[in-house]
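The model shown is predicted, which means the values in this text are computed figures rather than measured ones. Lettering follows sequence order; numbering is per chain, from 1.
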There are 2 protein chains.
Amino acid sequence: MSTLLSNLTLTIPENIYIKDPQSSKLGRRILEYSIQLIKQEGLEKFTFKKLADEINSNESSVYRYFENKHMLMLYLISWYWGWLEYKLVFRINNIEDKKNALQRAITAITETPRKDETFGFINEEELHHIIVQEYSKAFHTIDVDEENKNGYFVIYRRLVERLSKIISAYNSSYCYPLTLANTIVQGSLKQNFLHQHFKQLSDFKESDEEPITQFFQHLTFKSLS
Amino acid sequence: MSTLLSNLTLTIPENIYIKDPQSSKLGRRILEYSIQLIKQEGLEKFTFKKLADEINSNESSVYRYFENKHMLMLYLISWYWGWLEYKLVFRINNIEDKKNALQRAITAITETPRKDETFGFINEEELHHIIVQEYSKAFHTIDVDEENKNGYFVIYRRLVERLSKIISAYNSSYCYPLTLANTIVQGSLKQNFLHQHFKQLSDFKESDEEPITQFFQHLTFKSLS
DNA sequence: TTAAAATGAAAGTATTACTTTTATTTTTGT
DNA sequence: ACAAAAATAAAAGTAATACTTTCATTTTAA
């Protein structure tokens with residue numbers, strides 16, 4: 001997968017950034033190392049100053065790409081949803097059987113990313129890690145409604161709509177395709193978090209393979225039966 | 001319900017606060033008005049300075065109750081889970097039928113709080129609102145593991161464990177009682193948020209009554225069938 | 001090769017998230 | 001009712017953050 005994808009770039013809504021970080025070397029370093037640093041420090045303790053020091057650049061240069069760290073986070077989140085959307089489309093391409101397509105869709109969205117899935121210069125495994133930890137902070141702001149109007153969440157919306165259509169294709173009489181799609185996408189992130197930090201509240205054993213995927217497969221197909 | 005409950009106080013883990021806010025008039029004002037202010041300003045723009053001004057008190061006095069706004073938020077969140085736990089226990093008390101008990105449990109947890117459910121001086125409707133908007137910020141910190149060790153999330157854990165036992169009582173062969181319980185508790189908050197801010201991604205009509213409860217009833221009973 | 005664009009260095013500002021000190025008020029025990 | 005203790009208020013101080021600005025230097029592209 002990696003060789004094929006290394007020539008592709010995901011399109012991120014333009015108003016999220018000031019200058020396209022994919023268009024320059026410095027921009028790409030900002031993306032690459034921001035993921036590392038956010039993972040290390042957590043979003044609240046992450047600053048553009050620290051990032052600039054890390055990449056031997058300057059605070060003011062980072063500010064020429066993103067208005068602030070919230071916008072950078074929205075960029076990374078959009079990238080993540082875009083990547084999931086790509087995986088989803090790629091995996092169900094040419095699959096006629098609706099049940100099989102839905103199974104593959106759920107797997108694409110809920111599985112744990114592997115090291116070798118690198119799409120360009122982004123480390124998807126690390127990105128998944130920071131999305132699990134931090135994504136809801138970027139969603140749950142006082143300005144969601146305005147930011148939604150600005151189109152900052154279009155990729156997320158497209159992903160959920162796509163998944164809901166696959167659900168409806170399998171069972172057209174189901175009343176909650178969008179709600180279930182949201183539950184799968186966001187719920188799998190939440191379960192990742194719980195599995196990492198609240199082991200007491202997990203049903204999974206160490207030996208289970210992709211238990212979160214299994215749970216959402218079971219949940220979905222039971223709901224649609 | 002309100003008259004009965006006005007004599008009860010919820011017990012919040014001691015190390016969350018410096019001085020028990022339920023023990024003094026100022027403390028109770030801090031709780032009451034912090035909910036209002038967080039709702040109005042959002043958690044990031046909420047400060048102890050603003051809160052102190054609002055209640056005609058002083059910044060330094062607020063700091064004698066809580067170490068910082070994160071701890072205050074953990075207090076409010078614990079209160080919310082404690083209140084849900086209380087509702088849950090109260091509603092299924094004396095109900096023998098396992099299916100009926102589970103139905104009631106899901107309703108207690110996922111329904112929209114009403115104005116008249118006031119437990120003491122806390123406005124539960126407003127509290128629910130800020131929990132929907134802000135709760136994940138208090139969970140998703142770099143220090144979760146330590147805070148979990150400190151017992152800051154015991155009430156949440158107790159709530160989820162209780163619900164998972166009700167699930168298992170109804171169907172003892174189900175493999176994911178804890179995962180499903182987490183999905184119901186946290187998923188219903190997420191769906192509230194989506195319903196408020198991402199109408200495009202909602203299946204519900206304005207005329208639907210408690211659609212989120214209906215969704216989780218359907219999801220749960222299908223999963224357990 | 002020269003003008004334009006991008007980047008870097010350094011200093012500046014307003015706000016935040018506290019802390020400290022000291023004064024005043026309230027509560028409590030006798 | 002009164003003294004001692006506890007709680008609260010006022011005010012000033014500090015370190016860090018989240019930027020912004022200005023100007024110098026480097027890189028890139030016609």
Side-chain angles (χ1 to χ4, degrees), chain A residues 14-34 37-38 40-76 121 134 137-138 140-143 147 152, chain B residues 14-34 37-38 40-76 121 134 137-138 140-143 147 152:
Chain A
E14 279 192 15
N15 44 1
I16 287 185
Y17 49 81
I18 297 167
K19 183 185 165 164
D20 182 4
Q22 289 188 71
S23 72
S24 76
K25 206 177 159 187
L26 178 62
R28 286 188 293 272
R29 283 173 67 77
I30 289 173
L31 296 180
E32 192 181 342
Y33 286 91
S34 64
L37 248 190
I38 291 169
Q40 202 187 108
E41 308 264 319
L43 188 60
E44 8 284 319
K45 283 173 194 159
F46 166 85
T47 66
F48 278 5
K49 182 83 178 59
K50 285 178 190 171
L51 173 62
D53 289 350
E54 189 77 17
I55 62 180
N56 297 312
S57 177
N58 197 270
E59 204 183 354
S60 59
S61 301
V62 179
Y63 276 105
R64 287 201 186 86
Y65 285 86
F66 294 102
E67 207 185 318
N68 49 46
K69 72 176 170 185
H70 177 239
M71 297 308 291
L72 168 57
M73 194 67 205
L74 286 182
Y75 187 98
L76 294 174
F121 49 95
E134 321 284 359
K137 292 172 199 164
H140 291 240
T141 65
I142 199 91
D143 306 314
E147 297 190 346
Y152 296 171
Chain B
E14 280 192 15
N15 43 0
I16 287 185
Y17 50 80
I18 297 167
K19 183 184 163 164
D20 182 5
Q22 289 189 70
S23 72
S24 76
K25 207 178 160 185
L26 179 62
R28 286 187 294 271
R29 283 174 66 78
I30 288 173
L31 295 181
E32 193 181 341
Y33 287 90
S34 64
L37 248 190
I38 291 170
Q40 205 188 105
E41 309 263 318
L43 188 59
E44 7 284 319
K45 284 172 192 158
F46 166 86
T47 66
F48 278 4
K49 181 83 178 58
K50 286 179 188 169
L51 174 61
D53 289 351
E54 189 77 16
I55 61 181
N56 298 314
S57 176
N58 196 273
E59 205 184 353
S60 58
S61 302
V62 179
Y63 275 104
R64 288 205 183 81
Y65 285 86
F66 294 102
E67 206 187 320
N68 49 46
K69 71 176 168 184
H70 178 239
M71 297 308 291
L72 169 57
M73 195 66 205
L74 286 182
Y75 187 99
L76 295 173
F121 50 95
E134 321 284 358
K137 293 171 199 166
H140 291 238
T141 64
I142 199 91
D143 306 314
E147 297 190 347
Y152 296 172

How would you label the contact of A/Lys69 with the nucleic acid (heavy atoms, under 4.0 Å): base, sugar-phosphate, or nothing?
-> sugar-phosphate

In whole angstroms, the gap separating P of C/dC18 from CD of A/Glu44 amounts to 13 Å

Under 3.5 Å, which N/O atoms of the protein pair with N/O atoms of nucleotides 3-9 of chain C?
{"from": "C/dT7", "atom 1": "OP1", "to": "A/Tyr65", "atom 2": "OH", "distance (Å)": "3.0"}
{"from": "C/dT7", "atom 1": "OP2", "to": "A/Lys19", "atom 2": "NZ", "distance (Å)": "3.4"}
{"from": "C/dT7", "atom 1": "OP2", "to": "A/Tyr65", "atom 2": "OH", "distance (Å)": "2.8"}
{"from": "C/dG8", "atom 1": "OP2", "to": "A/Ser57", "atom 2": "OG", "distance (Å)": "2.2"}
{"from": "C/dG8", "atom 1": "OP2", "to": "A/Ser61", "atom 2": "OG", "distance (Å)": "3.1"}
{"from": "C/dG8", "atom 1": "O6", "to": "A/Arg64", "atom 2": "NH2", "distance (Å)": "3.1"}
{"from": "C/dA9", "atom 1": "N7", "to": "A/Asn58", "atom 2": "OD1", "distance (Å)": "3.2"}
{"from": "C/dA9", "atom 1": "N7", "to": "A/Asn58", "atom 2": "ND2", "distance (Å)": "3.3"}
{"from": "C/dA9", "atom 1": "N6", "to": "A/Ser60", "atom 2": "OG", "distance (Å)": "3.4"}

To the nearest Å, give me how far apart CE (B/Met73) and C1' (C/dA17) are.
-> 18 Å

Would you mind reading off the distance between B/Asp53 atom CG and C/dT16 atom C1', rounded to a whole angstrom?
-> 14 Å

Is atom CD of A/Glu41 surrounded by more than 12 heavy atoms (other residues, nucleotides or ligands) closer than 6.0 Å?
-> yes

Side chain of A/Lys137, backbone of A/Leu43: donor and acceptor closer than 3.5 Å?
-> no

How close do A/Glu32 and A/Phe121 get, heavy atom to heavy atom, and via which atoms?
-> CG-O, 3.8 Å

A/Phe48 near the nucleic acid: base, sugar-phosphate alone, or nothing, with a heavy-atom cut-off under 4.0 Å?
-> nothing

Name the first nucleotide and the last nucleotide along DNA chain D (5' to 3') that come under 4.0 Å of a heavy atom in chain B.
-> D/dA7 to D/dA10

Length of the line joining A/Tyr63:OH and C/dA10:P, which is rounded to integer Å | 18 Å

Are side-chain heavy atoms of A/Tyr75 and A/Leu31 found at a separation under 4.5 Å?
-> yes

Specify the residue among A/Phe46 and B/Glu59 whose closest nucleotide of DNA chain D lies further upstream toward the 5′ end.
-> B/Glu59

Short question: side chain of B/Lys50, backbone of B/Lys45 - any donor-acceptor pair under 3.5 Å?
-> yes

Polar contact flag, side-chain donor to acceptor under 3.5 angstrom, B/Thr141-B/Asp143 | no

Taking atom OH of B/Tyr17 and atom CD1 of B/Ile30, what is their separation to the nearest 0.5 Å?
-> 13.5 Å

Considering all heavy atoms of both residues, which atom of B/Ser34 and which atom of B/Leu51 are nearest to each other, and what is their separation?
-> N-CD1, 3.6 Å

